[in-house]
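Please read the structure below before turning to the comments.
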Protein chains: 2
Amino acid sequence: MSPARADRDRADLGRLTEAQTRTARVALELFASHGVNGTSLQMIADELGVTKAAVYHQFRTKEAIVVAAVEMELTRLEAALDAAEATGPGPQALDALLRQVIDLAVARHRLVGTLQHDPAVARLLAEHEPFQRFVQRLSHALLGGKRSIEARVRAAMIGSAIGGAVTHPLVAGLDPDVLAAQLLRQTRRFLDLPGRGTGASG
Amino acid sequence: MSPARADRDRADLGRLTEAQTRTARVALELFASHGVNGTSLQMIADELGVTKAAVYHQFRTKEAIVVAAVEMELTRLEAALDAAEATGPGPQALDALLRQVIDLAVARHRLVGTLQHDPAVARLLAEHEPFQRFVQRLSHALLGGKRSIEARVRAAMIGSAIGGAVTHPLVAGLDPDVLAAQLLRQTRRFLDLPGRGTGASG
DNA sequence: GTCTATAGAATGATAGAC
DNA sequence: GTCTATCATTCTATAGAC
């Protein structure tokens with residue numbers, strides 16, 4: 001398999017070159033540790049083992065790196081969101097979506113905090129149209145057609161609960177599968193979802 | 001009432017001068033908007049209407065400002081924590097603690113994200129002893145003596161749910177009292193707490 | 001307690017050689 | 001695609017006058 005082909009198969013975004021993907025990946029790791037504003041291009045370059053100029057050859061600005069990194073991560077959720085919308089509103093679609101959101105949150109727990117709470121990312125989500133649409137879609141899917149105050153507060157709580165729990169010190173030592181199973185169970189309970197199967201995450 | 005006396009009564013920390021309190025207050029507001037790393041001393045000085053040098057007269061380093069700002073905010077929770085520990089483990093102590101945590105989170109919702117998720121603040125909480133103790137106490141009180149995996153996941157979820165919900169776009173327009181009442185109700189439900197009274201926040 | 005002025009380092013970003 | 005070298009700007013922090 002050619003490197004280009006391998007990139008196509010594994011890359012998070014088809015329109016990124018292999019070098020760009022590598023750059024966005026290490027940038028995202030650094031963002032998770034130090035925040036976007038706490039991560040300089042020098043740090044990214046050092047981590048890649050190249051100079052700043054080389055990084056600027058991949059992306060014209062630092063903001064472009066942030067956009068690529070966030071897109072890379074959100075793309076993982078899009079398939080789940082597509083499926084949920086296709087199945088339409090209802091407990092089954094919501095349950096399937098939650099299962100995938102939880103698995104993703106557990107698997108990518110180091111990055112969740114940055115995506116949900118970093119001020120620089122928040123600005124991006126608010127300004128970039130594609131991101132706006134994505135956030136809208138996710139909220140809509142989580143609400144499942146409901147609009148009551150109770151439903152909105154519940155949706156807000158559950159989104160934050162999942163995102164925040166995976167990085168919480170209290171669950172730091174837990175096995176990822178156990179954590180995912182527990183999160184799914186508690187989430188179902190909280191949302192009055194019947195719950196199906198064992199709740200295993202695989 | 002003399003200015004010094006007014007400061008004593010209203011200040012969040014007795015050992016801060018009036019000028020220091022003002023500085024920490026505007027700094028915290030800026031931290032909430034731009035993150036700690038995204039807030040420069042120039043921005044703080046501009047907001048205060050003075051020069052950087054004047055700010056450096058109040059605090060020797062930027063970190064000292066962050067420490068003071070975080071202390072100021074956490075102090076608000078200490079009384080509630082003291083009471084919870086005095087009452088000892090149990091549903092009543094936990095319920096009272098949650099009620100105060102929720103009211104505080106709603107009232108100070110713009111700052112909650114910074115305190116819970118800003119990388120610079122997280123570093124501080126991990127390194128400064130008094131902060132470590134505080135976080136330990138809060139976790140312990142939320143667990144209420146339990147140590148099971150289920151209890152730990154629940155505690156992690158509820159802490160993040162409250163903190164994250166108050167800043168969530170989905171509840172942006174809600175009346176603070178309504179939001180607090182809903183949060184308390186949902187939290188009690190999630191934790192299997194009996195719930196008492198109306199859930200009103202006053 | 002505030003100011004002007006500045007030191008010294010780091011930042012994002014660019015030009016041009018290889 | 002990577003390098004060296006550099007630019008203008010900003011950053012934290014300090015010195016010293018008022």
Side-chain angles (χ1 to χ4, degrees), chain A residues 2-4 6-7 11 13 15-31 33-70 114 118-121 123-124 127-128, chain B residues 2-4 6-7 11 13 15-28 30-31 33-70 114 118-121 123-124 127:
Chain A
S2 73
D7 184 44
L13 269 182
R15 62 175 171 280
L16 290 185
T17 69
E18 192 172 3
Q20 285 177 321
T21 304
R22 254 177 37 91
T23 301
R25 234 195 279 279
V26 315
L28 197 53
E29 276 292 324
L30 289 169
F31 293 161
S33 298
H34 311 284
V36 173
N37 283 325
T39 303
S40 67
L41 270 106
Q42 188 66 66
M43 292 163 73
I44 298 173
D46 289 348
E47 192 70 21
L48 286 167
V50 298
T51 62
K52 276 190 295 179
V55 176
Y56 272 107
H57 180 76
Q58 306 294 340
F59 294 99
R60 282 195 62 235
T61 62
K62 184 184 174 181
E63 169 153 335
I65 300 179
V66 183
V67 170
V70 171
T114 301
D118 191 291
V121 175
R123 229 200 60 230
L124 223 61
E127 289 174 4
H128 264 64
Chain B
S2 72
D7 185 45
L13 270 181
R15 62 175 173 281
L16 289 185
T17 68
E18 192 172 4
Q20 284 176 322
T21 303
R22 253 176 40 89
T23 301
R25 234 195 278 278
V26 316
L28 197 53
L30 289 168
F31 293 162
S33 298
H34 311 283
V36 173
N37 283 325
T39 302
S40 66
L41 270 106
Q42 187 65 67
M43 293 164 72
I44 297 172
D46 288 349
E47 192 71 22
L48 285 167
V50 298
T51 63
K52 276 188 295 178
V55 177
Y56 272 108
H57 180 76
Q58 306 294 340
F59 293 99
R60 281 195 62 236
T61 63
K62 182 183 175 182
E63 171 152 335
I65 300 179
V66 183
V67 170
V70 171
T114 300
D118 191 290
V121 175
R123 229 202 60 231
L124 223 62
E127 289 174 3

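Protein chains get the first letters and strands the later ones, always in sequence-line order, with residue 1 at the start of each.
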Seminar exercise, completed: Hits for salt bridge (charged side-chain N to carboxylate O under 4.0 Å, His left out) against B:Glu63, two or more places apart or cross-chain, chain-then-number order -> B:Arg123

Exercise. Below 4.5 Å, heavy atoms only, C-beta onward: do A:Thr23 and A:Phe59 meet side chain to side chain?
Worked result: yes

Exercise. Contact boundaries of DNA chain D with chain B (under 4.0 Å, heavy atoms), 5' to 3'?
Worked result: D:dC11 to D:dA15

Problem set entry | For A:Thr61 against A:Tyr56, the heavy-atom pair lying closest together | CA-CE2, 4.3 Å

For this session: Identify the two heavy atoms, one from A:Ile65 and one from A:Ala27, that lie closest to each other, and give their separation to 0.1 Å.
Result: CG2-CB, 3.6 Å

Problem set entry | Close approaches to DNA chain C from residues 35-52 of chain B, in residue order (heavy atom, under 4.0 Å) | B:Val50, B:Thr51

For this session: Sequence neighbours left out, what passes ring pair (Phe, Tyr, Trp, His ring centres under 6.0 Å) with A:His128? Give chain and number order.
Result: A:Phe131

Problem set entry | Partner set under side-chain hydrogen bond (donor to acceptor under 3.5 Å, both in side chains) for A:Ser33, not counting sequence neighbours | A:Arg110

Scan the side chains in residues 34-50 of chain B for donor-acceptor partners under 3.5 Å anywhere in the protein, sequence neighbours excluded, and list what turns up.
| residue | atom | partner | partner atom | Å |
| --- | --- | --- | --- | --- |
| B:Thr39 | OG1 | B:Leu30 | O | 3.3 |
| B:Thr39 | OG1 | B:Gly35 | O | 2.7 |
| B:Ser40 | OG | B:Gln42 | N | 3.4 |
| B:Ser40 | OG | B:Met43 | N | 3.2 |
| B:Gln42 | NE2 | B:Asp46 | OD1 | 3.1 |

